[in-house]
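Following: one structure in structure tokens, then a few remarks.
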Amino acid sequence: MLNYDPLACLPSSEELPDSDDTPVDNELQDLIPGLLKVLLAMAWPERMDWFFGVDMGIYYDPDLPPIVPDGFLSLGVERFYDENLRPSYVLWEEKKLPILVLEVVSKTYRGEYSTKKAEYARLGILYYVVYNPFRRRKPRLEVYKLVNNVYELHDGNPVWLPEIDLGIGIERGIYLGIPREWMYWYNQQGQRFLTPEEDKKLAQLEVQQAKQKAQQAEQKAQQAQRETQLLRERLRSLGIDPDSLT
């Protein structure tokens with residue numbers, strides 16, 4: 001009897017383009033998801049069951065072009081396949097939907113609030129995050145959660161994502177030497193994870209403080225030694241042998 005495997009007839013990730021080749025028109029569309037990926041690597045150094053894609057095609061139907069969010073997170077998948085890494089994210093191979101997708105709005109709208117939002121909801125992606133750096137009166141960060149096939153907006157900054165066990169939010173910081181508002185992951189106490197350069201600077205500060213404490217302790221020890229010597233000399237001047245007092 002012939003065993004038929006429908007997946008064997010579908011193209012693999014190696015045979016599919018990794019993106020839609022549409023150039024970004026705002027550098028933040030690369031930098032913001034790139035920072036989130038770096039922070040995850042720092043927050044989950046021992047975990048190998050997650051993948052964060054940046055400007056990578058998600059293939060959900062072999063007859064349709066991929067969707068290409070600026071960033072997306074999947075849990076319960078292999079972090080690395082091999083040294084060549086993933087060329088694309090193919091659902092019939094991964095068997096896991098991304099749990100979160102991210103869109104960074106540029107000056108040219110690309111359907112972030114309409115067609116893309118509807119498409120992600122139809123696929124069943126739990127969290128949809130939109131960051132619009134050009135907004136002034138409305139919130140720049142919007143975090144939606146899929147409830148009964150409809151995205152509901154969650155208020156707050158950061159917003160806690162219990163299924164991921166992290167929060168996501170925006171605040172000012174420094175990344176790649178650029179001081180501006182960035183997007184970060186947060187722990188349950190609302191503390192954001194530091195960027196690599198902030199983490200390095202903090203480590204340098206801690207080393208400097210440790211050296212200062214050591215120097216202060218050494219100075220106190222030397223001062224105590226001088227005071228002891230002066231006291232011994234004072235006792236001798238009074239005809240008292242300081243060694244006889246011990």
Side-chain angles (χ1 to χ4, degrees), residues 13 18-19 28-59 67-91 93-104 120 123-131 141-146 154 156-178 180-207:
S13 57
D18 59 356
S19 73
L28 293 177
Q29 291 170 302
D30 280 333
L31 294 181
I32 286 177
L35 172 57
L36 291 175
K37 184 172 185 174
V38 167
L39 294 179
L40 274 182
M42 297 173 67
W44 295 341
E46 305 300 325
R47 288 184 60 172
M48 302 300 291
D49 63 343
W50 61 274
F51 176 74
F52 195 95
V54 178
D55 192 31
M56 176 180 286
I58 301 174
Y59 286 89
I67 54 172
V68 188
D70 292 320
F72 67 89
L73 172 65
S74 286
L75 299 179
V77 298
E78 291 181 278
R79 184 174 172 188
F80 306 117
Y81 276 166
D82 55 35
E83 62 185 17
N84 294 319
L85 309 181
R86 278 177 175 83
S88 56
Y89 193 88
V90 179
L91 289 184
E93 291 182 348
E94 306 284 354
K95 299 181 176 61
K96 283 282 186 178
L97 270 175
I99 193 171
L100 177 148
V101 293
L102 165 68
E103 293 287 354
V104 179
Y120 294 138
L123 285 176
I125 294 174
L126 185 61
Y127 287 107
Y128 177 44
V129 180
V130 186
Y131 175 62
L141 177 67
E142 294 182 341
V143 180
Y144 296 90
K145 185 175 184 179
L146 195 65
H154 280 231
N157 179 36
V159 176
W160 182 249
L161 314 175
E163 296 82 1
I164 302 175
D165 200 30
L166 289 173
I168 195 167
I170 52 174
E171 65 177 274
R172 292 195 66 84
I174 299 176
Y175 177 53
L176 298 179
I178 306 169
R180 73 170 316 276
E181 183 179 78
W182 294 103
M183 191 177 299
Y184 301 93
W185 299 109
Y186 292 76
N187 63 22
Q188 198 162 10
Q189 290 71 45
Q191 299 168 325
R192 72 173 176 86
F193 291 92
L194 300 179
T195 66
E197 54 205 293
E198 290 170 337
D199 190 57
K200 181 179 179 181
K201 184 178 292 186
L202 179 61
Q204 291 174 337
L205 179 61
E206 290 174 347
V207 169

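FYI, the numbering just counts along the sequence from 1.
Under 3.5 Å, the side chains of Tyr89 and Ser74 contain a donor-acceptor pair of N or O atoms.
Side chains of Met42 and Pro196 form a contact here, defined as non-hydrogen atoms less than 4.5 Å apart. Here the side chains of Val159 and Lys145 are not in contact, with every heavy-atom distance at 4.5 Å or above. Within the 4.5 Å cutoff, the side chain of Trp182 has no heavy atoms near those of the Arg192 side chain.
Formation of a donor-acceptor pair under 3.5 Å by the Gln29 side chain with backbone atoms of Val104 is found in this model. With hydrogens and angles disregarded, no donor-acceptor distance shorter than 3.5 Å links the side chain of Trp50 to the backbone of Leu73.
Of all heavy-atom pairs spanning Ile58 and Pro98, the tightest one is CD1-CG, 3.8 Å. Taking both residues in full, the closest heavy atoms of Tyr59 and Ser88 are given as CE1-CB, 3.9 Å, listed atom of the first, atom of the second, then distance. Taking both residues in full, the closest heavy atoms of Ile174 and Tyr184 are given as N-OH, 4.0 Å, listed atom of the first, atom of the second, then distance.
The aromatic rings of Tyr128 and Tyr144 sit parallel to each other, their planes meeting at less than 30°, with 60° as the upper class boundary.
For Asn157, there are no side chain to side chain donor-acceptor pair (under 3.5 Å) partners two or more places apart in sequence or in a different chain. Partners of Tyr120 under the side chain to side chain donor-acceptor pair (under 3.5 Å) rule, at least two apart in sequence or in another chain, are Glu103. Residues forming a side chain to side chain donor-acceptor pair (under 3.5 Å) with Asp165 (at least two apart in sequence, or on another chain): none.
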Under the criterion side chain to side chain contact (heavy atoms under 4.5 Å, CB included), I'd like the reasoning laid out for Leu161 against Val143: C-alpha separation, chi angles, the key distance, then a yes or no. CA-CA 10 Å; Leu161 314 175; Val143 180; 4.1 Å; yes
Could you check Val129 against Leu141 for side chain to side chain contact (heavy atoms under 4.5 Å, CB included), going step by step and ending with a plain yes or no? CA-CA 7 Å; Val129 180; Leu141 177 67; 3.6 Å; yes
With side chain to side chain contact (heavy atoms under 4.5 Å, CB included) as the criterion, how do Val68 and Asp55 come out once you've worked through the C-alpha distance, each side chain's angles and the decisive distance to 0.1 Å? CA-CA 6 Å; Val68 188; Asp55 192 31; 3.4 Å; yes
Begin with the C-alpha distance, continue with both residues' side-chain angles, and end with the deciding distance and a verdict on side chain to side chain contact (heavy atoms under 4.5 Å, CB included) for Tyr127 and Glu163. CA-CA 10 Å; Tyr127 287 107; Glu163 296 82 1; 2.4 Å; yes
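For the pair Arg86 and Glu93, the salt-bridge criterion is not met [side-chain N within less than 4.0 Å of a carboxylate O].
Checked options Leu102, Leu100, Leu166; the residue passing with Leu36 is Leu102 (criterion: side-chain contact (heavy atoms from CB on, under 4.5 Å)).
Atom CD of Gln189 has more than 12 neighbouring heavy atoms from other residues, nucleotides or ligands inside a 6.0 Å radius.
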